[in-house]
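Order of listing sets the numbers, starting from 1, for every ligand and every atom in it. Given the structure is predicted, the values throughout are model-derived calculations rather than measurements.
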Amino acid sequence: VPELPEVETTRRGIEPAVVGRRIRHAHVHEPRLRWPVERTLVRRIKGQRIVSAGRRAKYLLIGLERGTLILHLGMSGSLRVLPANTPRVAHDHIDLVLDSGAALRFNDPRRFGSLHYVEGDPLTHKLLARLAPEPLEADFNTDYLWRITRKRRVPIKQLLMDGHRVVGVGNIYANEALFRARVKPTRRASGITQAEAAALVRAVRATLRMAIRVGGTTLRDYVGADGAPGYFRQRLHVYEREGRACRRCGALIRQLTQGHRSTYYCPQCQKS
Ligand SMILES: [Zn+2]
């Protein structure tokens, strides 16, 4: 599943090839995505220039002169920039043919992705309007994390992964950030100290930034927009390392299950 770092990597990958280009044609070969692609979309975006390539949570926001394309990669989606005459392969559902001769091509085997076109402020669209703060933006900070953990009995890891509190902190990133902050994942959120909240904010940001820098995690067959695989996986400290030695202290990494998701931690480095 493409996580926030993969989506950000995709955004950075496509940005130089699409911004400033005009959409010559759009082809929707398969409109039956998570939500059907509106029939009028092709006509409404044709001829518009792409003015920006942004992101909110795991949505890519492709800004046009008169509106915005809101694209979600779903469970298995990917975007590639390639010559427009490149033959389609299975699950290539959408092409935006640009005036450069390139196409932005959306492939999605499981079709949980989506594409919408909106005019006006895209952040007021129903998919985006109620999203929690971005982990890499200023509104996710120590005060905020401190406030949302008060009186919460839920384990800190589950709170970090709650998309209503902060977006885009998937299982891998929550595990790694908790290791980095030296906080045991099963700790009750309300028991986190202010210093630990500060450490967690720094850890979440550092973990996501590192993943973005190395191009996402490539847990399955995901490749970045330029086709390059990610290398974040080689840098993991705890995720899927149960029974192996902690890179920091040598203790054996442990695994348990929280909310149907696997949790990994170092019993020595992470305070309970
Ligand atoms: Zn350790």
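Taking 2.8 Å as the limit, the number of protein N, O or S atoms around the Zn ion (ligand 1) is 4.
Between Y117 and V37 there is no side-chain heavy-atom pair separated by less than 4.5 Å. No side-chain heavy atom of P135 sits less than 4.5 Å from a side-chain heavy atom of R205.
The list of ring-ring contact (aromatic ring centres under 6.0 Å, His included) pairs with a residue in residues 123-143, not counting sequence neighbours, reads H116-H125. Sorted by first and then second residue, the pairs that involve residues 174-211 and meet ring-ring contact (aromatic ring centres under 6.0 Å, His included), not counting sequence neighbours, are F179-H237.
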For residues 61-69, run the donor-acceptor check on the side chains, cut-off 3.5 Å, and write out each pair with its distance to 0.1 Å, sequence neighbours left out.
from : atom 1 : to  : atom 2 : distance (Å)
E65  : OE1    : R22 : NH1    : 3.4
E65  : OE1    : R49 : N      : 2.6

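Salt-bridge formation is not detected for the pair E196/R182: no Lys NZ or Arg NE/NH1/NH2 atom is positioned less than 4.0 Å from an Asp or Glu carboxylate oxygen.
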